[in-house]
Amino acid sequence: MFQKILYNFDIALEAIQRNKLRSFLTSLGIIFGVSSVIAMLAIGNGAQQEVLTQMQLLGTNNVIVQPVVEQRQGTVGDGEQQQQSQKFSPGLTMEDLTSIRKLIPEVEKLSPEIVYETNFIREARMRTGKLVGVNTDYFDISNFNIVEGNNFSEIQINQADPVCVIGYDVKTRFFAGEDPIGEKIKVGHLWLTVVGVLEKKEVSTENIENLGIRNFNLDIYAPVTTVLLRFRNRAVVTSNDLQQNGSSTVVMGGGMMIFSSGSSSSGDAGDGNYNQLDRLIVKVSDTKFSGTIAEILSRMLKRRHNNVVDFEIIVPEQLLQQEQQTKRIFNIVLSTIASISLIVGGIGIMNIMLASVVERFREIGVRMAVGAQKKDIELQFLTEALTISITGGFLGIVLGLAFSYVIEATADIATIVTPISIFISFGVAVLIGVVFGYYPAKRAAMHDPVHALRHE
């Protein structure tokens, strides 16, 4: 049997060599079909990996609570009535964090986040950046590694010590060529002692824009208690706030103070942000609890905020599932469109093989006259169709790899070629050769050898 296959393979190669151009044009459909499938799957895999990378930045086990500054609307005349009926909320505070930690058992870690835009100064070098108030859980929740020094200690947090952990780019810009541990850097009006340096976090500009995240490498992290005590606590209204707002009337309610008139040059007061925290990040023990915990958080915070929904809850795991479903549909659509080329290529193989059968009636008759069986004739033409499709498949793989590289280099789209995509596309190409080559082979074997010998 193996000898028969080799013999028919030699005949197929001879037939292809006699009609090189026709055979090449026949295989074009297979070549472009395979290359298209590989390139489209590579784009889909790249997009999938990009989504996973984005979700890792947010943390798939995390539930994020963010404050929402309520926007008011209405007519000018009913302002006083709205003020009287308005329910006031204390906003997102450290007390919310304490309640979550006590009441929800499936919370593994929990960290606040307070962000202030300020200036970093050291040795005549200055740049703007963000000071971020966090606790000891924050770096584990956010998948940050401290490569130099240590995390904050409980004593440093309890005593609100002026210490900080700096991002990798802060080290390279302010502590180039020296060990930053134990050195000081001025953040706003306060000198902070560096106790740790974070590992460089690769964050693309696209991720920063799409996810609304910061460039973590340029941030300086301090204990949340230090930020609240030594910088600013938005939950506390000071005499300086009164002077900045130029207000003579203050309305008390719900544990907060609202200025009834005046304007502010302060970013926090001016935009109505009375929330003590900018974010609460909750890490759950298992992703299967994310949705349930998000619902519990929503109900609990609503009660604590006097039935005012001035917060939003983001569940990255749910976002990931939605994105994955979208990308999966996207991949199926792209692969289906690309597979049309393979079907067209198979039709081309069938047409050429039918024409080849007509041209080689005498050859078929001679072979059958000297003892060839119908199965031998079928195997001959089926082998020829398979040879064309296999050759086209190999060329398609090379072209698909080239397409993927060109797309990534020119269009700035991530592409990932996997062995399974190559195997699937090549396997479909071989199957196309068998399916569309079988009918011409069957038709060739059905000819009467007498009529075939008399055919001119």
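No donor-acceptor pair under 3.5 Å is formed between the side chain of N306 and the backbone N or O of V308. When atom types are taken as modelled, the side chain of R279 and the backbone of I64 share no donor-acceptor pair closer than 3.5 angstrom. No donor-acceptor distance shorter than 3.5 angstrom exists from the side chain of T225 to the backbone of N158, with no hydrogens or angles considered. No side-chain donor-acceptor contact under 3.5 Å links N351 to the backbone of G348. A donor-acceptor contact shorter than 3.5 Å links the side chain of T172 to the backbone of D169. In this structure, the side chain of E148 does not engage the main chain of P180 through any donor-acceptor pair within 3.5 Å. At distances below 3.5 Å, at least one donor-acceptor pair connects side-chain atoms of S35 with backbone N or O atoms of I31. The backbone N or O of T415 sits nowhere less than 3.5 Å from a side-chain atom of S404 that would complete a donor-acceptor pair. Side-chain atoms of D137 never come within 3.5 Å of backbone atoms of K109 as a donor-acceptor pair (strictly under, hydrogens ignored).
Note: N217 CG to E199 CD = 10.0 Å, rounded to the nearest 0.5 Å. Taking CD of E312 as the reference point, atom CD of Q66 lies at 5.0 Å (rounded to 0.5 Å). How far CG of L395 is from OG of S27: 6.5 Å, rounded to the nearest 0.5 Å. Rounded to the nearest 0.5 Å, atoms OG (S99) and CZ (R304) are 3.5 Å apart. Taking OG of S23 as the reference point, atom CG of L28 lies at 11.0 Å (rounded to 0.5 Å). Between the CG atom of L103 and the OG1 atom of T98 there is a distance of 10.0 Å, given to the nearest 0.5 Å.
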Inset, instruction - In sequence, state the C-alpha distance, the side-chain angles, and the governing distance for L297 and I104, and then conclude on side-chain contact (heavy atoms from CB on, under 4.5 Å). - result: CA-CA 9 Å; L297 283 173; I104 305 179; 3.6 Å; yes

Inset, instruction - Tell me, with the steps shown, if V163 and T226 meet side-chain contact (heavy atoms from CB on, under 4.5 Å). - result: CA-CA 8 Å; V163 295; T226 302; 5.5 Å; no

Legend entry - Residues L277, E113; criterion side-chain contact (heavy atoms from CB on, under 4.5 Å); working and verdict: CA-CA 6 Å; L277 307 180; E113 185 178 287; over 6 Å; no

Inset, instruction - Apply side-chain contact (heavy atoms from CB on, under 4.5 Å) to the pair S111 and I141, showing each step before the final yes or no. - result: CA-CA 8 Å; S111 176; I141 290 174; 3.9 Å; yes

Compile the donor-acceptor pairs under 3.5 Å between side chains in residues 182-196 and protein atoms, sequence neighbours left out, one pair per line.
unit_1: K184; atom_1: NZ; unit_2: T193; atom_2: OG1; d: 2.8
unit_1: H189; atom_1: NE2; unit_2: R230; atom_2: O; d: 2.9

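Of all non-hydrogen atoms in S425 and V37, the two that sit nearest each other are CB-CG1, 3.8 Å. Considering every non-hydrogen atom in both G149 and I146, the closest pair reads O-CG2, 3.9 Å. Taking each heavy atom of P223 and I157 in turn, the nearest pair found is CB-CG1, 3.9 Å. The shortest non-hydrogen separation linking H305 to F311 is ND1-CD2, 4.0 Å. Considering every non-hydrogen atom in both L382 and G433, the closest pair reads CD1-O, 4.4 Å. The two residues L92 and N275 come nearest to each other via the heavy atoms N-OD1, 2.8 Å.
Under the 4.5 Å side-chain criterion, counting only non-hydrogen atoms from C-beta, T410 is in contact with V406. Under the 4.5 Å side-chain criterion, counting only non-hydrogen atoms from C-beta, I388 is not in contact with I30. No side-chain heavy atom of M353 sits under 4.5 Å from any side-chain heavy atom of T26. Inter-residue side-chain proximity for V315 and I293 is flagged as unmet; no heavy-atom pair is nearer than 4.5 Å. Using a 4.5 Å cut-off on side-chain heavy atoms (C-beta onward), D140 and K283 make contact. Contact of the F216 side chain with the L198 side chain is not registered, since no non-hydrogen atoms from C-beta on lie closer than 4.5 Å. The shortest distance between side-chain heavy atoms of V134 and V224 does not fall below 4.5 Å. Put simply, the side chain of L41 does not reach to within 4.5 Å of the side chain of T418, judged on heavy atoms.
Taking the side chain to side chain donor-acceptor pair (under 3.5 Å) definition, one finds that K302 meets it with nothing, sequence neighbours left out.
By the neighbour-count criterion of 12 heavy atoms within 6.0 Å, atom CZ of F175 is densely surrounded, having more than that number from other residues, nucleotides or ligands. Within a 6.0 Å radius of CZ in F24, no more than 12 heavy atoms belonging to other residues, nucleotides or ligands are found.
Aromatic ring centroids of F394 and F426 lie under 6.0 Å apart.
Relative ring orientation between F144 and F139 is described as tilted, the plane-to-plane angle lying within the 30° to 60° band. Ring pair Y138/Y221 is tilted by interplanar angle, where 30° to 60° counts as tilted.
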